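Working notes, beginning with the structure itself.
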Protein chains: 2
Amino acid sequence: MRLLLIEDERELATALSVALSKLGIVTDHTMHLADAFELTRQNAYDAILLDRRLPDGEGLTFIPTLRRAGNDTPIIVLTARNEPLERVEGLDIGADDYLGKPFLVEELMARVRAVLRRPSNLTEQRIVAGRMVIDPLHLNVAIDAAPLDLPRRELLVLVALAKRKGKTVLRSTLETAVYNYEDEIQSNALDAHISRLRKRLLDAAAGVAIHNIRGVGYLLKEE
Amino acid sequence: MRLLLIEDERELATALSVALSKLGIVTDHTMHLADAFELTRQNAYDAILLDRRLPDGEGLTFIPTLRRAGNDTPIIVLTARNEPLERVEGLDIGADDYLGKPFLVEELMARVRAVLRRPSNLTEQRIVAGRMVIDPLHLNVAIDAAPLDLPRRELLVLVALAKRKGKTVLRSTLETAVYNYEDEIQSNALDAHISRLRKRLLDAAAGVAIHNIRGVGYLLKEE
DNA sequence: CGCAAAACATTGCGGCAGCATTACGGGAAT
DNA sequence: ATTCCCGTAATGCTGCCGCAATGTTTTGCG
């Protein structure tokens, strides 16, 4: 899962990024609305976390901009302004949820999941692949009801492949599923993850195999 | 917009077709599941309206058949059986929406629009060519849900041809689709790709043929 | 109708880009 | 203090793909 965080308080932003990354969530962060729009054009985010007070304007103005561009990504507004009337204002303008500061990361994640669970989002809640059952929202993998413990990056690779099981996933897609902009990647780290993940899936008899499509990407296939 | 209507009550079917045509929607109609599958292979429908009681069986059985063939077209089930449990049954098996008879055409259209508005349906554009289903965004080619593993350059040629299937594609267009400016090309490399691609399509019984238009370019034709 | 040239088709070959695997070490987490 | 993740890089290997040689079809022209 990949989120865009639009927030000018640097401390909150980094704290949030760290907390989310531990949950396996990749977060891109920007402080400016102008950058934000460009980022949404280059990445398919699962959701956007939007602050209201920003150096270059009221955050809410970003919502119509995005919607007019045909982008339906769910938006959760994060703000200290938490009066009922302001909530209405935010929701009416097209936000999907509204969360007052301060908040618990757990609550934020629950709301993100809730927003992604809505019928207008076709995010599958349960993917069956081979003997595995994968919950892409909670990021857990189970084999015969027994949870399978995977390192974070390998888990992200697996989920990204499982979301399109049986179909090729571009190498670039995998990269954006696992890394954010800050992490530069300058080696075969992704290949290494794939290799280690393969070994783990084999050991666990997961009933799937990861195939390579040379020059294009990878593909998860059931056996 | 083009819909497939699978419905055995002839009066309802014609009434619906007329009503939909006034909204600018083209409707193909069949009464039999057997025909329906063939139709979905020859046309890229925006959505499918499916009755449950049909002369040759329970309509819901069509859904797994279609999904297994790699077809993600949204399906709206139309039926007199409108008990809550039956709705769950329909949705769990992979239907996108469920509408009890009788219904207003307005409501049906609203639901069609809602289903089409879902993100995965907006981004997931597919090209049907012969027995192949091609997703040009993800560079994905499948025959009966089985992914077809093609080398990168041949894949690019196929996608470029499929995007304009039935129409000639200039040789220069193909070249720019496969090569970037850095790669200078000074041989018949493109011809070689075409040749090898032909062989692969033949082996896979893809149901298409690549024709040459002498001095102009190539053309992908369904058989 | 006949011949030649041009355009296209096919196929073997070799270089090398891309992938798989694994060991190593720094660093974060418990 | 120990464990394990994860980025890096070295190594070996597979098979793609550019090239060129050869065969086939089509077009142009007298």
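Lettering follows sequence order; numbering is per chain, from 1. Owing to the predicted nature of the structure, the values given are computational and were not obtained by experimental measurement.
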Choosing from [options], which nucleotide comes nearest the side chain of [X]?
X      : options                : answer
A:N212 : D:dA20, D:dC6, C:dC19  : C:dC19
B:A192 : C:dT11, C:dT22, C:dC19 : C:dT11
A:P151 : D:dT26, D:dC16, D:dC6  : D:dC6

Is [X] near enough to [N] that one of its side-chain N or O atoms lies under 4.0 angstrom from OP1 or OP2?
X      : N      : result
B:S195 : C:dA9  : no
B:R196 : C:dG12 : no
B:R153 : D:dG18 : yes
B:R152 : C:dG18 : no
B:R198 : C:dA9  : yes
A:Y218 : C:dA20 : yes

Given atom [atom1] of [X] and atom [atom2] of [N], what is their separation to the nearest angstrom?
X      : N      : atom1 : atom2 : answer
A:H193 : D:dT8  : NE2   : P     : 10 Å
A:E175 : C:dG18 : CD    : P     : 13 Å
B:K199 : D:dC17 : NZ    : C1'   : 17 Å
B:L197 : C:dC8  : CG    : C1'   : 16 Å
B:L156 : D:dC17 : CG    : C1'   : 13 Å
B:Y179 : D:dC17 : OH    : P     : 8 Å
B:L190 : C:dT10 : CG    : P     : 13 Å
A:D191 : D:dG7  : CG    : C1'   : 12 Å

Over all heavy atoms of both residues, which pair between [X] and [Y] is shortest? Give the atoms and the distance, please.
X      : Y      : result
A:L156 : A:A177 : CD1-O, 4.0 Å
B:N212 : B:R198 : N-NH2, 4.1 Å
B:R126 : B:V133 : NE-CG1, 3.8 Å

_Does A:R41 have more than 12 heavy atoms from other residues, nucleotides or ligands lying within 6.0 Å of its CZ?_
no
_Between C:dT10 and B:N188, counting only base atoms on the nucleotide and side-chain atoms on the residue, is there a donor-acceptor pair under 3.5 Å?_
yes
*asked:* Quick check with a 6.0 Å cut-off and a 45 degree axis cone: is A:R2 positioned over the face of A:Y181's six-membered ring?
replied: yes
